[in-house]
Amino acid sequence: MCALALLFLMPCQAVAQEAAPVVQFYSIDEASDVEVTPGESQTAQAPLDITMISNVDNPDDYDYICEWRIWDANKNEFSPLVTRFEEETSYTLTKSGGYNVKLYVTFTQGTDTIEYESEPISIVISESKLVCPDGFSPNGDGINDYFRITAQSIVKLKATFVNRWGQQVHTVTLDDVEHAEDEPNKLILWDGLKNGKYVKDGVYFLNLYGLGSDGLEYKIKKAVNVLKGFREGSETTGNN
């Protein structure tokens with residue numbers, strides 16, 4: 001009597017050439033690094049430096065070409081603002097509005113071609129805002145020690161402080177300012193020092209120019225009180 005041999009065929013594991021793209025950037029609003037994946041949306045401020053990483057998965061060692069496209073959300077992907085043929089690349093968003101980012105990868109091996117296309121990654125750049133205080137008290141008590149402005153999606157900035165005789169005591173641009181640790185949307189324009197020493201109490205005059213990501217220009221001229229004996233300060237919105 002012959003024994004029958006039964007052959008059990010195990011299903012094959014499907015392997016495919018694909019990718020897991022992400023867009024990374026530092027969020028001022030959240031004071032942390034953010035990673036956005038296909039199908040997700042994130043709001044941020046300009047100028048925003050984004051890094052696009054393809055994370056290509058290529059188990060069979062195909063040759064491949066990556067293509068990144070960034071386009072205005074009100075338009076379509078066939079009219080991109082920028083196209084990059086790199087696995088990892090960077091770009092700076094400077095205007096308010098919505099943007100879509102998508103990765104395309106073409107894998108080839110001999111006559112075999114595999115196309116990969118991600119879902120869009122959405123980034124929304126917020127409109128601008130610029131708010132200035134009336135003064136500050138640089139006395140080292142940890143309260144209102146710096147002249148700090150509230151800035152949102154400001155892409156250009158220059159501030160100059162002069163005394164009552166018109167002599168410049170301090171100037172700063174967007175490249176020089178620091179974000180306050182406790183309030184990331186606050187920019188520190190002045191610590192009250194000139195040549196390493198605190199200026200005298202009194203009224204100084206600020207000439208501030210800012211350009212928002214939405215094209216709005218801020219031209220603010222106002223008196224700033226430096227009062228080291230004061231413990232509290234008030235905040236008002238500057239006029240455009």
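Using a 4.0 Å cut-off between charged nitrogen and carboxylate oxygen, Lys158 and Asp175 do not count as a salt-bridge pair. A salt bridge links Arg69 and Glu67; the closest N-O separation between the charged side-chain nitrogens and carboxylate oxygens is under 4.0 Å.
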Could you go through the side chain to side chain contact (heavy atoms under 4.5 Å, CB included) check for Thr106 and Thr113 one step at a time?
CA-CA 7 Å; Thr106 301; Thr113 299; 4.0 Å; yes
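Here CG of Leu216 is found 9.5 Å from OG of Ser96. Values are rounded to the nearest 0.5 Å. Between the CG atom in Asn74 and the OH atom in Tyr99 there is a gap of 10.0 Å [rounded to 0.5 Å]. To the nearest 0.5 Å, atom OH of residue Tyr91 and atom CD1 of residue Ile50 are 8.5 Å apart.
Linking Ile, Leu, Val, Met, Phe, Trp and Tyr residues whenever their side-chain heavy atoms come within less than 4.5 Å places Leu48 and Val36 in a single cluster.
With hydrogens and angles left out, the side-chain atoms of Asn207 and Thr160 include no donor and acceptor closer than 3.5 Å.
By the 4.5 Å heavy-atom criterion applied to side chains, Met52 and Ile70 are counted as neighbours. At a threshold of 4.5 Å between non-hydrogen side-chain atoms, the residues Ile220 and Tyr209 do not count as touching.
Aromatic ring orientation, Phe161 versus His170: tilted (interplanar angle from 30° to 60°).
Looking at residues two or more places apart in sequence or on another chain, you find a side chain to side chain contact (heavy atoms under 4.5 Å, CB included) between Glu117 and Glu77, Lys102, Tyr104. In this structure Glu178 satisfies the side chain to side chain donor-acceptor pair (under 3.5 Å) test with no other residue, sequence neighbours excluded.
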Which atom pairs, one a donor and one an acceptor, fall under 3.5 Å between side chains of residues 187-200 and the rest of the protein, sequence neighbours left out?
residue: Trp190; atom: NE1; partner: Leu193; partner atom: O; Å: 3.0
residue: Asp191; atom: OD1; partner: Leu193; partner atom: N; Å: 3.0

